[in-house]
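Worksheet: one structure, shown below.
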Amino acid sequence: MLITPLSEDELTSLAKAGYLVRPAFLPADTVQHLRAECLNQYTQGQMRAAGLALSGIQTDIRRDHITWLDEGYASPAQQAYFSAMHALRTQLNEAFYLSMASLEAHFAVYNVGDFYQAHVDAPQGRSQRVISASFYLNEAWSAIDGGALRLHLPSGVHDVLPRGNTLVLFRSDHVLHEVMPAQRQRLSLTGWL
Ligand code: OGA
Ligand code: MN
């Protein structure tokens, strides 16, 4: 699946500001399919509370429900997502002399009131994650719907609304971020390179 490669400006934003926002990442019908698949898995009880730790489910830290995607059993829409992410990974590897090889991805559902407190995805290199990629599956979304991705950057706080087909990339090792409480059910597909 072909996507528009990241522009020089987008690459510079990722390198200098620590993040980039791509508003129309995939074809609209692919996003519709991903949205339906995410909702289906949730309504059929195939998602589990995230935040699972050895001490139990930490609902004080995060309250979303997730299910991991398996590239070996991907629907056509999921295959389109995976191949777009592979293309992105190749471009980022070449642009920044990285050697990212993996891709993990999960659907997530935040119900009304659900949130994810401020965290870093790969603190002090404690995982292989280099780049976090949040991709949103919601129909029209406005600020009053809550659920913004709040990035805490050296330049200040930056909120991104989880609008359908928007992809946000940010560095997994040092960008502190959180999901503000959703006022409406919020669907996403989060990936890590
Ligand atoms: C995560 C996360 C952000 C988002 O799952 O680690 O920070 O906008 N998600 O869904
Ligand atoms: Mn995160």
Side-chain angles (χ1 to χ4, degrees), residues 14 17-22 25 34-35 37-71 78 81 85 100 102-139 141-193:
L14 186 57
Y19 78 104
L20 76 81
V21 180
R22 162 67 71 101
F25 182 52
L34 291 171
R35 175 187 160 73
E37 289 166 13
C38 177
L39 257 182
N40 252 336
Q41 299 228 31
Y42 181 70
T43 51
Q44 314 219 331
Q46 288 158 8
M47 291 200 187
R48 60 170 178 80
L52 183 66
L54 286 177
S55 53
I57 306 251
Q58 300 184 310
T59 51
D60 49 334
I61 296 172
R62 66 187 292 188
R63 299 225 171 129
D64 54 327
H65 284 74
I66 62 165
T67 187
W68 291 94
L69 271 67
D70 183 338
E71 202 168 349
Q78 292 170 23
Y81 166 80
M85 293 301 292
M100 298 183 292
S102 64
L103 170 57
E104 312 165 79
H106 69 49
F107 281 130
V109 174
Y110 288 74
N111 287 313
V112 173
D114 287 353
F115 58 82
Y116 192 161
Q117 282 192 353
H119 65 281
V120 175
D121 287 340
Q124 288 131 30
R126 266 200 281 126
S127 92
Q128 294 196 350
R129 297 170 178 178
V130 178
I131 299 286
S132 302
S134 291
F135 183 60
Y136 303 112
L137 307 175
N138 304 298
E139 272 150 8
W141 196 278
S142 52
I144 54 159
D145 296 323
L149 169 65
R150 178 163 291 176
L151 302 167
H152 297 265
L153 301 160
S155 57
V157 164
H158 185 84
D159 281 358
V160 182
L161 294 182
R163 292 208 164 105
N165 212 359
T166 296
L167 177 78
V168 188
L169 298 184
F170 55 91
R171 287 186 58 162
S172 305
D173 59 347
H174 66 221
V175 175
L176 184 71
H177 59 283
E178 61 189 306
V179 177
M180 305 309 290
Q183 308 299 333
R184 235 179 86 192
Q185 192 180 54
R186 175 196 198 266
L187 309 179
S188 62
L189 203 180
T190 304
W192 291 272
L193 296 170

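Just so you know, residue 1 is the first one in the sequence shown, and it goes up from there. For clarity, every value in this text was computed on a predicted model and none was experimentally measured.
- Side chain of S134 to main chain of V168: no donor-acceptor pair is present (N/O by atom type, distance under 3.5 Å, no hydrogens or angles).
- Between R171 and D173, the shortest heavy-atom distance links the atoms NH2-OD2, 2.8 Å.
- Looking at heavy atoms from C-beta onward, V179 lies in side-chain contact with Y110 at the 4.5 angstrom threshold.
- Shortest non-hydrogen contact noted between A133 and M85 is CB-CE, 3.6 Å.
- How far CZ of F135 is from CG of L167: 7.0 Å, rounded to the nearest 0.5 Å.
- Looking at heavy atoms from C-beta onward, I66 lies out of side-chain contact with T190 at the 4.5 angstrom threshold.
- Applying the salt bridge (Lys or Arg N to Asp or Glu O under 4.0 Å) criterion to R63, with sequence neighbours excluded, gives no partner residue.
- The shortest heavy-atom contact between P162 and G146 is CD-O, 4.3 Å.
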| query | Can you check side-chain contact (heavy atoms from CB on, under 4.5 Å) on Y19 and V175, steps first, answer last? | reply | CA-CA 8 Å; Y19 78 104; V175 175; 5.8 Å; no
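- To the nearest 0.5 Å, atom CG of residue N138 and atom CZ of residue R184 are 6.0 Å apart.
- Annotation for L169 and L14: closest pair O-CD1, 3.8 Å, computed over non-hydrogen atoms.
- Between Q128 and E104, the closest side-chain pair of non-hydrogen atoms is not below 4.5 Å.
- Summarising the geometry, atom OH belonging to Y42 is positioned 15.0 Å from atom CZ belonging to F107; distances are rounded to the nearest 0.5 Å.
- Remark: N40 CG to T67 OG1 distance equals 12.0 Å, nearest 0.5 Å.
- Atom-to-atom distance recorded for W141:CH2 and T166:OG1 is 12.0 Å, nearest 0.5 angstrom.
- A donor-acceptor pair under 3.5 Å is absent between the side-chain atoms of R129 and the main chain of S172, judged by distance alone.
- Smallest separation of non-hydrogen atoms from G113 and P181: O-CB, 4.3 Å.
- Within the 4.5 Å cutoff, side-chain heavy atoms of W68 are placed close to those of H106.
- Looking at heavy atoms from C-beta onward, L161 lies out of side-chain contact with Y136 at the 4.5 angstrom threshold.
- No side-chain N or O of H177 forms a donor-acceptor pair with one of H152 less than 3.5 Å apart.
- In this structure the side chain of L193 never reaches within 4.5 angstrom of the side chain of V130, judged on heavy atoms.
- Between atom CG of residue L176 and atom CG of residue L151 there is a gap of 9.0 Å, rounded to the nearest 0.5 Å.
- Side-chain atoms of N111 and Q185 include a donor-acceptor pair closer than 3.5 Å.
- You'll find the side chain of W192 stays beyond 4.5 Å of the side chain of S102, heavy atoms only.
- Here the closest heavy-atom approach between residue D64 and residue D114 is recorded as CA-OD2, 4.3 Å.
- Residues Q183 and I144 are not in side-chain contact: their nearest non-hydrogen atoms beyond the backbone lie 4.5 Å or more apart.
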